Structures are given as structure tokens and as C-alpha cells.
Amino acid sequence: MNLEQLGWTPFFNESFAPYREQGYLPGRVAIAHKHIYVIYSEGGELLADITGKMRYHATSENDFPAVGDWVAMGLREGENKAIIQAILPRKTKFSRKGTGVKTREQLVATNIDTVLLMSGLDRDFNLRRIERYLILAWESGAKPAIVLNKADLCDRLEDDIAEVEAVAMGVPIIPLSAIAGVGLNALTPYLQPGNTVALLGSSGVGKSTLTNQLLGTATQKVQQVRQTDSRGRHTTTHRELMILPSGALLIDTPGMREIQTWNNQEGLPETFADIESLAQECRFRDCQHDTEPGCAIQEAIADGTLDFERFFSYQKLQSELAYLARKQDQTAQLAEKKRWKKIHQQIRKLSKG
Ligand SMILES: Nc1nc2c(ncn2[C@@H]2O[C@H](COP(=O)(O)OP(=O)(O)OP(=O)(O)O)[C@@H](O)[C@H]2O)c(=O)[nH]1
Ligand SMILES: [Zn+2]
């Protein structure tokens, strides 16, 4: 992999100059989770930490690397592990705000050039939703394009397109059928080498189907990258920053999908029963399974009985669920606030009368 293939541009090259002088290397974040990172670099794929200094000075999620970020990193001697020293300035930033009174910003992905807003031309067709997605896209700084999928199911294509044109304000509109592979050529301008794209759209609009078409692996739900882990076994792992055969980079983080995907917490303990029961054996009840002594999970990873990738994925899902729970909490607080406002109004009315 060379840097251009990963999306490197003069914009990043310029801000990297002082770090190059200090002997650091550039890399791009492919997975970010709980301050452990998978980085793509000229030398291949690396696992990375951030410096203690960075952790100490961080005041919000913005101060931590996110998927898509370019970072300056130092290599740990004799190890296949890097230390992230700095995050290069972001060209674009995709974040989400919850629905609550004052939900803190959640950074989803960065340095996306094009956001493909996907809508279905079936019953899912909804102009208000397209508008909301357009707002998100514009806020991010990325250029949007509207993909109208499932054209094969639509018998009023012209009319639907005209309706979308009315809200699109000049944003390109691309009707296609992901499943049939029809109309995909119109995406070519956005799938140029080094261009970073992301798909945004509700559950069921066909993001996975289109992703698979673009990857050329129709049978897989997500791209699986084969690799050999440190113990020499083959593992398949999901990458959130993918290099498409066209040379474009596709960002697909759960964060971009979670609104619709994770609306209940019930599945997690069942899905990860092994980890849940290991956690019962940790010395501390509030063990974060990080550097605590007597952590059963770290021990299981060390002796090979628990796959690191599996734990990684568990933690990721857990933090997403926690995020949603917080958001729902805030929505509840807002409702409560409204209720009290009403009660106060009534009291005021009564006391006047
Ligand atoms: N008729 C038709 N069906 C499609 C098309 N694209 C996708 N589908 C179907 O729509 C359903 C949902 O597609 P997915 O690709 O899983 O949708 P998604 O956006 O990835 O959904 P989430 O993973 O829940 O976010 C599947 O049954 C697909 O086969 C299309 O162009 N035409
Ligand atoms: Zn533990």
C-alpha cells in the first residue's frame, strides 16, 4: 500500500511535515475502538495505542483518533505495534448528535470525501429522511450524492426523481439497482483511486448489497480480510476502512448504521456468553479488562482461549449500546422536563385565577 492509495493528499502531506522531521510515520486509522487502533500504513497493517500524553490531554472524543483519521506514529522497537503521537487536521468530520437536550458529539468517521446517501425507491421512499441525511452530510464537510436504490421495484421512476430533485438543491441523484448491478457505472466519478466514500441510509436500503457489488463479493455480508494472527492461525476480521477494487476507499463503521441497527440490548449477553461468564471471574467487579490485575479476560487472551478479535468486537458493540442507552436517557430527561414545564404552567394559571 502506498499513501496515495490510502487517500493521502497534499493537504495531509503539508500538515505532516513537522512530524516527518521528527522521524514519525504517517498512517490511516482503519478501526478505532476503546483507544486501540488498527492502522494502515506503507508498511502494512499495524496495531496502535495513543501516547499517555494524548490520553491525558483529551477533553472530548474529538481528541482521539477516529476511523478515517491520518495520524503520525512512532514504531515500537521489535514489535508490530505503533504509538500514535498526533492526529493530522481533519479534512472532513462525520459526527452525530443525539436527540437529547445536550447530547455530546459522537465522532463517527473522518476524512470522508463523498457521502452516498442511500434511499430505497420502494415503500421506504421518504423525502424528509433524505433531507435529514443531507443535513448530516453537509455538516460533515463531505460532498453528498443521493443514491436511489431498488430502481427495479419502481414504476414511477421519473416522478420520484423529480420529487427528490426538488429537495436535493443540485446534489447529484443516482438511480440504480444494487441487487441487479444496474446503473452502478454512474458511481464511477466517486469511486476514483484514493477517494474516500461512505454509505449512509436507513436499515434495509441496500448498503450491504451495494458494498458487496462494489467489493465484488456478493456472498458476504461485510468484507472479510484474511490474515494470519500472531499465533499463526487464520482469522477473518472486519475492516471499517476498505480498499475497493476501483481504488476508492469505503468507510463502513457500525456508527454510521447503529441508529437503526441497535435498538435493543438483549442480544449482546447471549451472543457473547463466553465473555460475559469470563468477566464474572475477574478480581474486580468493575474490571475494565484493560490493565487490572486478576483480569480473567486478559488472561484468556494471553493463553489463547479467547480470540482478541472477538473481545474487540464485543467491546465495540457494548460501547455502541452504552451510547444508545445514554441517548435514550437524555430523551427521557427531555420528556420529563417538558412535563414539568407543563405542570408549572398549570400551577401558574391556577394561582392567577
Ligand atoms: N429489489 C431490490 N432489492 C434490493 C436491492 N438492493 C438491496 N435489496 C434488498 O433489500 C434488502 C436489504 O438490503 P441490505 O443490503 O441488507 O440493506 P442495508 O442497507 O445494508 O441494511 P442494514 O444492514 O440493516 O443497514 C435485502 O433483502 C436486499 O436483497 C435492489 O436494488 N433491488
Ligand atoms: Zn477483567
Side-chain angles (χ1 to χ4, degrees), residues 1 3 6-8 12 16 24-41 44-76 80-97 104-113 115 140-142 196-200 222-223 225 227 237-243 249-259 261-262 288-290 308-324 326:
M1 286 185 266
L3 293 177
L6 295 173
W8 188 250
F12 299 114
F16 185 69
Y24 293 125
L25 298 169
R28 194 164 189 200
V29 179
I31 293 184
H33 176 64
K34 285 229 170 169
H35 312 154
I36 306 171
Y37 306 88
V38 175
I39 309 285
Y40 289 164
S41 73
E45 200 176 297
L46 296 162
L47 212 56
D49 275 335
I50 53 173
T51 60
K53 192 176 164 198
M54 196 171 196
R55 200 179 297 255
Y56 180 77
H57 287 290
T59 56
S60 76
E61 256 193 87
N62 269 311
D63 301 325
F64 291 103
V67 173
D69 267 337
W70 281 100
V71 296
M73 57 186 187
L75 284 186
R76 243 184 218 167
N80 199 28
K81 192 156 188 190
I83 306 283
I84 296 169
Q85 301 288 333
I87 304 164
L88 300 189
R90 293 161 174 149
K91 200 162 61 175
T92 69
K93 190 177 84 168
F94 201 95
S95 51
R96 302 183 339 149
K97 295 159 200 82
R104 69 192 179 89
E105 182 177 357
Q106 204 212 12
L107 191 54
V108 176
T110 67
N111 299 322
I112 293 170
D113 298 303
V115 190
S140 78
T196 303
V197 298
L199 298 176
L200 183 63
V222 291
Q223 190 202 17
V225 177
Q227 60 168 43
T237 51
H238 173 53
R239 289 291 174 265
E240 295 176 358
L241 178 69
M242 295 170 269
I243 303 169
L249 297 128
L250 176 67
I251 288 185
D252 183 7
T253 73
M256 299 204 77
R257 296 182 168 219
E258 74 191 5
I259 307 177
T261 314
W262 300 103
Q288 298 296 301
H289 320 307
D290 189 11
F308 173 75
E309 290 281 351
R310 179 168 169 79
F311 180 56
F312 203 75
S313 144
Y314 166 81
Q315 282 201 308
K316 184 156 58 184
L317 293 176
Q318 205 179 37
S319 58
E320 277 167 29
L321 288 171
Y323 169 73
L324 266 174
R326 277 200 307 279

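Since this is a predicted model, take the numbers as computed values, not measurements. In what follows, residues are counted from 1 in the order of the sequence shown.
- Once rounded to the nearest 0.5 Å, the distance linking CG of Leu250 with CE of Met242 reads 4.5 Å.
- Shown here are the side chain to side chain donor-acceptor pair (under 3.5 Å) partners of Asp63, two or more places apart in sequence or in another chain: Thr59.
- For the atom pair NZ (Lys81) and CD1 (Ile36), the distance works out to 7.0 Å, reported to the nearest 0.5 Å.
- A distance of 5.0 Å separates CD1 of Ile251 from CZ of Arg28, quoted to the nearest 0.5 Å.
- Side-chain contact between Met54 and Ile87 is present, with heavy atoms from C-beta onward closer than 4.5 Å.
- Side-chain contact between Leu249 and Leu241 is present, with at least one heavy-atom pair separated by less than 4.5 Å.
- Looking at every heavy atom in both residues, Leu75 comes nearest to Ala82 through CD2-CB, 3.9 Å.
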Please test Ser41 against Leu25 for side chain to side chain contact (heavy atoms under 4.5 Å, CB included), starting from the C-alpha separation and ending with a verdict.
CA-CA 8 Å; Ser41 73; Leu25 298 169; over 6 Å; no
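- Separating the CG atom in Leu3 from the CZ atom in Phe12 is a distance of 11.5 Å, to the nearest 0.5 Å.
- Separating the NE2 atom in His57 from the CD1 atom in Ile50 is a distance of 11.5 Å, to the nearest 0.5 Å.
- Judged as a ring pair (Phe, Tyr, Trp, His ring centres under 6.0 Å), and not counting sequence neighbours, Tyr24 has no contacts.
- The line from CD1 of Ile83 to CG of Leu46 is 11.0 Å long, rounded to the nearest 0.5 Å.
- Note on ring orientation: taking the six-membered ring where Trp is involved, the planes of His289 and Phe311 are perpendicular (angle over 60°, cut-offs 30° and 60°).
- Within the 4.5 Å cutoff, no side-chain heavy atoms of Asp113 are placed close to those of Val197.
- Inter-residue side-chain proximity for Ile39 and Val29 is flagged as met; some heavy-atom pair is nearer than 4.5 Å.
- Heavy atoms only, all atoms of each residue included: Ala142 and Thr92 are closest at N-CG2, 3.8 Å.
- Contact detail for Val67 and Ala32: the closest heavy-atom pair is CG2-N, 3.7 Å.
- The two atoms that bring Phe94 and Ile112 nearest to each other are CB-CD1, 4.3 Å, heavy atoms only.
- The aromatic rings of His35 and Tyr37 lie parallel to each other, with less than 30° between the two planes, well short of the 60° mark.
- Remark: the backbone N or O of Asn62 is paired with a side-chain donor or acceptor of Arg90 at under 3.5 angstrom.
- Listed by chain and residue number, Asp69, Leu107, Thr110 satisfy the side chain to side chain contact (heavy atoms under 4.5 Å, CB included) test with Ala66 (two or more places apart in sequence, or in another chain).
- Put simply, the side chain of Asn111 gets close to the backbone of Lys91: a donor and an acceptor are under 3.5 Å apart.
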